[in-house]
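The structure appears right after this line, and notes come after that.
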Amino acid sequence: MDSLAALFSLKGRVGLVTGASSGLGVEFAEALALAGADLALVARRADRLERVAADLRQRFGVRTATIPADLTVDADLDRVVEEARTKLGIVDVLVNNAGVALTGRAEAVKREAWENALAVNTTAPLMLSQRVARVLIDNKKPGRIINITSIYAHVGSSIYRMVSYAASKAALVNVTRQLAIEWARYGITVNAISPGWFPTEMNVEGFAKGDHLARIEAFTPMGRIGRPGELRGALIFLASEAASYVTGSVVHVDGGYVAW
Ligand SMILES: NC(=O)c1ccc[n+]([C@@H]2O[C@H](COP(=O)([O-])OP(=O)(O)OC[C@H]3O[C@@H](n4cnc5c(N)ncnc54)[C@H](OP(=O)(O)O)[C@@H]3O)[C@@H](O)[C@H]2O)c1
């Protein structure tokens with residue numbers, strides 16, 4: 001390892017990014033492509049995935065596969081891993097990014113909404129990780145799993161009512177730690193990135209309401225929300241050789257939001 005580029009290069013690796021049809025998933029896919037990885041893109045909206053894939057091929061010259069799927073359906077998860085392998089090779093960088101943020105007062109939250117948050121934000125990352133890890137273990141290949149959690153895994157929100165989101169993201173942090181321990185022996189590292197506020201389809205309506213943006217900025221030591229591109233470095237680091245001895249950790253990319 002004698003060059004900076006080699007330390008962070010993902011050439012020859014196969015990445016799979018869930019929720020790659022919008023928002024942070026697109027940024028994560030771009031980050032892996034920038035470092036040279038081929039990419040399987042997964043979400044339900046096929047047309048959006050196609051657009052992202054065409055852009056990545058054109059800008060970075062990487063190979064892509066678009067795999068429309070609902071991550072709450074087991075048969076879809078099986079198909080995702082199989083199709084990615086057939087089209088690109090064994091997935092060795094998994095980014096569990098897809099998520100839903102349902103808001104609503106705790107005293108009114110419905111069982112269905114609560115269970116949906118857990119299904120997408122916690123259960124799907126575990127079930128997909130399990131399928132990716134089994135192939136890696138069977139083939140004696142190392143791999144990287146990166147789970148996208150949230151500042152609300154670590155603190156509650158006084159701005160939005162989101163008990164199911166907060167619970168599901170907190171659970172994902174400890175899923176990360178447990179998998180890291182169990183799979184360290186196979187050379188599979190499992191880490192999390194915990195982003196602060198970044199404007200996407202998930203939250204853009206909320207930002208526009210009242211003084212929400214001003215309150216978020218006031219809670220953030222750096223005094224601002226995240227900018228496009230500010231999550232790339234953390235992902236490339238965790239996926240690359242540079243993080244070979246890092247597992248079970250949470251990288252906070254939040255302007256200091258949970259530092260106090
Ligand atoms: N933006 C922020 O400020 C922020 C902060 C902290 C953490 N995060 C986390 O970052 C991740 C990405 O969020 P985002 O802000 O980029 O939101 P977003 O633009 O709404 O993206 C969510 C993604 O998840 C996919 N998805 C949702 N349910 C799915 C399902 N059942 N099956 C397959 N795909 C599904 C969506 O694709 P389809 O609709 O096409 O299926 C979409 O691509 C989430 O886990 C979120 O909790 C975001």
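The first residue of the sequence shown is numbered 1, and numbering continues consecutively from there. In listed order, ligands and their atoms are each counted from 1. Just the heavy atoms: all of them, side chains too, but no hydrogens, waters or symmetry mates, feed the values below.
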(Q) Give me the nearest non-hydrogen protein atom to atom 32 (N) of ligand 1 as residue plus atom name, then the distance to 0.1 Å. (A) L71 N, 3.0 Å

**Q.** Residue pair R144 / S240, side-chain donor-acceptor N/O under 3.5 Å
**A.** no

(Q) Determine whether the aromatic ring centres of residues Y160 and H212 are separated by less than 6.0 angstrom. (A) yes

Region of [X] that comes within reach of ligand 1 [heavy atoms, distance under 4.0 Å]:
{"X": "T200", "answer": "side chain"}
{"X": "R48", "answer": "neither"}
{"X": "A69", "answer": "backbone"}
{"X": "T149", "answer": "backbone"}

Q: Take every heavy atom of Y152, measure it against each atom of ligand 1, and state whether any distance is under 4.0 Å.
A: no

Just distances here: any N/O of [X] and N/O of ligand 1 closer than 3.5 Å?
{"X": "F198", "answer": "yes"}
{"X": "R44", "answer": "yes"}
{"X": "V100", "answer": "no"}
{"X": "S150", "answer": "no"}

Q.
I'd like the name of whichever of L24, N97, V26, V253 reaches closest to atom 11 (C) of ligand 1 through any heavy atom.
A. N97

Q. Considering S21, A46, G19, which one's heavy-atom position lies nearest to atom 37 (O) of ligand 1?
A. S21

Q: Please check if the side chain of S9 supplies one atom and the backbone of A5 the other of a donor-acceptor pair under 3.5 Å.
A: no

Q) G23 heavy atoms, cut-off 4.0 Å: which ligand 1 atoms fall inside? A) 16 (O), 19 (O)

